Colleague: 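Just dropping this structure here.
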Amino acid sequence: MADLMLGIETSCDDTGVAIVRPDGSVVASAVASQVELHDRYGGVYPEMASRAHVDAILPTVRQVLDDAGLTPADLTAIGVTRGPGLIGSLVVGTNSAVGLGDGWGLPVYGVNHLRGHLRSADLDEQRVTYPAMVLLVSGGHTLLAHVQEDGDVTLVGSTRDDSVGEAYDKVARMLGLGYPGGPAIDRLAPTGTPDVDLPRPARDLGLDFSFSGLKSAVSRFLAAHPDHPPENVAASFVEACLDVLVSKCRKALAQHPSRCLVVVGGVAASPQLRERAAALCTEAGVELCLPPLRWSTDNGAMIGLAAWDYHARGLQERPRPDTSLTIADW
């Protein structure tokens with residue numbers, strides 16, 4: 001039997017499916033996007049997201065198998081996101097994966113979405129060296145974790161309120177940039193000048209993050225200065241976010257000896273963050289490990305690669321959605 005894992009990701013608003021080998025090579029991948037569906041609301045509408053997954057998941061699985069020229073009999077197993085995420089979306093993914101596994105006679109591994117992001121940096125080729133410091137920055141999560149080669153993960157910092165991705169989306173709405181906000185902010189910010197004095201919440205306090213105060217500061221500034229160039233507001237907001245993220249990474253690397261800094265999650269696609277992270281790694285004398293841009297946002301390939309770790313450990317039990325998983329959980 002070929003070493004081929006079917007990965008299914010439905011933690012939020014996109015239906016991601018891929019077929020991945022143990023070395024991280026991606027045989028085929030497809031994502032059914034829901035951006036147009038949620039754009040009118042300025043954010044993800046959970047009930048509509050889960051209904052869209054129902055419509056998309058089986059056609060997307062079939063598309064990936066067809067693109068790869070494979071049948072279910074060629075697969076080793078199925079990996080599916082079991083949490084954290086939106087409960088309705090998780091239910092659709094896990095139930096579908098279990099049904100396919102039962103019908104095809106394949107084992108099914110319930111994968112921690114956060115561990116999927118950790119493994120995304122090794123898609124297409126091996127990049128991560130251990131021990132590694134990981135910065136995970138996405139729409140739902142902002143955290144720092146120290147990771148060992150055996151998969152042991154220690155959480156060293158997390159957000160006390162909004163994730164940085166949530167702050168990006170909310171500031172984008174304030175500026176009328178639409179959804180998703182992260183890419184729109186990243187496109188606008190380089191055209192402006194960071195001339196707005198914004199706070200750097202919790203920058204000098206430990207390794208935990210806080211972005212709600214920054215978001216509120218942008219809101220107050222826009223209320224008082226509605227005609228200020230939006231590109232300057234965006235540039236100032238991004239600069240504040242990067243100052244906080246890079247400062248925390250610098251402290252984490254100093255406190256936890258690491259061979260590399262791994263930056264993953266949707267915000268890892270930000271060119272500004274990639275540039276600042278590269279400069280920090282040069283300063284700290286560690287490697288920088290980044291996922292290819294196409295694997296930064298949620299996708300089935302990262303779940304498929306992470307599922308191989310579960311396969312190696314024999315961690316097979318019927319997947320049950322769990323919205324409370326932490327980065328240290330399997």
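Here the structure is a predicted model, which is why all the values come from computation and not from measurement. FYI, side chains are in, hydrogens and waters are out, and symmetry mates aren't considered; it's all heavy atoms of this structure.
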Colleague: Would you mind listing every salt bridge (Lys or Arg N to Asp or Glu O under 4.0 Å) that reaches into residues 256-283, with sequence neighbours excluded?
Modeller: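 Every salt bridge (Lys or Arg N to Asp or Glu O under 4.0 Å) pair that includes a residue of residues 256-283, provided the two are not neighbours, is Glu239-Arg276, Asp243-Arg276, Arg250-Glu283.
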
Colleague: For Thr282, which residues count as a side-chain hydrogen bond (donor to acceptor under 3.5 Å, both in side chains) partner, sequence neighbours excluded?
Modeller: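 Residues passing side-chain hydrogen bond (donor to acceptor under 3.5 Å, both in side chains) with Thr282: none at all.
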
Colleague: Quick one: list whatever passes salt bridge (charged side-chain N to carboxylate O under 4.0 Å, His left out) with Arg62, sequence neighbours left out.
Modeller: Asp66

Colleague: Which residues pass the ring pair (Phe, Tyr, Trp, His ring centres under 6.0 Å) test with His53, sequence neighbours left out?
Modeller: none

Colleague: Please round to the nearest 0.5 Å and tell me the distance separating atom OG1 of Thr159 and atom CG of Asp161.
Modeller: 4.5 Å

Colleague: Does either side chain, that of Thr193 or that of Asp195, offer a donor lying less than 3.5 Å from an acceptor on the other one?
Modeller: no

Colleague: Heavy-atom count around Phe221 CZ within 6.0 Å, excluding the residue itself: above 12?
Modeller: yes

Colleague: Would you please classify the geometry between the His228 ring and the His225 ring as parallel, tilted or perpendicular, with 30° and 60° separating the classes?
Modeller: perpendicular

Colleague: Checking one residue: Ile87. Which other hydrophobic residues are in its cluster under the side-chain 4.5 Å linking rule?
Modeller: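 Val91, which link up through side-chain heavy atoms under 4.5 Å apart, make up the rest of the cluster.
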
Colleague: Got a sec, which hydrophobics cluster with Leu325, joining ILVMFWY side chains under 4.5 Å apart, including via others?
Modeller: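 Members other than Leu325 - counting any ILVMFWY side chain reachable under 4.5 Å - there are none.
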
Colleague: Restricting to side-chain contact (heavy atoms from CB on, under 4.5 Å), what partner residues turn up for Ser216, sequence neighbours left out?
Modeller: Arg220

Colleague: How is the hydrophobic cluster of Trp295 composed, in terms of its other members, when Ile, Leu, Val, Met, Phe, Trp and Tyr link through side-chain heavy atoms under 4.5 Å apart, directly or indirectly?
Modeller: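 The other cluster members (ILVMFWY side chains, heavy atoms under 4.5 Å, direct or chained) are Met5, Val20, Val26, Tyr109, Val111, Leu123, Met302, Ile303, Leu305, Trp308, Tyr310, Leu315, Trp330.
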
Colleague: According to side-chain hydrogen bond (donor to acceptor under 3.5 Å, both in side chains), who are the partners of Arg160, at least two apart in sequence or on a separate chain?
Modeller: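 Arg160: no side-chain hydrogen bond (donor to acceptor under 3.5 Å, both in side chains) contacts found.
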
Colleague: Considering all heavy atoms of both residues, which atom of Pro107 and which atom of Thr76 are nearest to each other, and what is their separation?
Modeller: CD-O, 3.5 Å

Colleague: For Ser258 and Cys260, indicate whether the former's side chain and the latter's backbone hold a donor-acceptor pair under 3.5 Å.
Modeller: no

Colleague: Tracing side-chain links under 4.5 Å among I, L, V, M, F, W and Y, which residues wind up in one group with Leu86?
Modeller: Val44, Tyr179

Colleague: Does anything in residues 69-96 pair up under ring-ring contact (aromatic ring centres under 6.0 Å, His included), and if so which pairs, sequence neighbours excluded?
Modeller: none

Colleague: Return the minimal non-hydrogen interatomic distance between Cys241 and Val164, and the atom names on each side.
Modeller: SG-CG2, 4.0 Å

Colleague: Show every ring-ring contact (aromatic ring centres under 6.0 Å, His included) that has at least one partner inside residues 112-158, sequence neighbours left out.
Modeller: His113-His117, His146-His256

Colleague: For Thr191 and Glu231, which I'm curious about, is there any donor-acceptor pair between the side chains at under 3.5 Å?
Modeller: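 Side chains of Thr191 and Glu231: no pair found under 3.5 Å.
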
Colleague: Less than 4.0 Å between a side-chain N and a carboxylate O, is that true for Glu47 and Arg51?
Modeller: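 A salt bridge links Arg51 with Glu47.
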
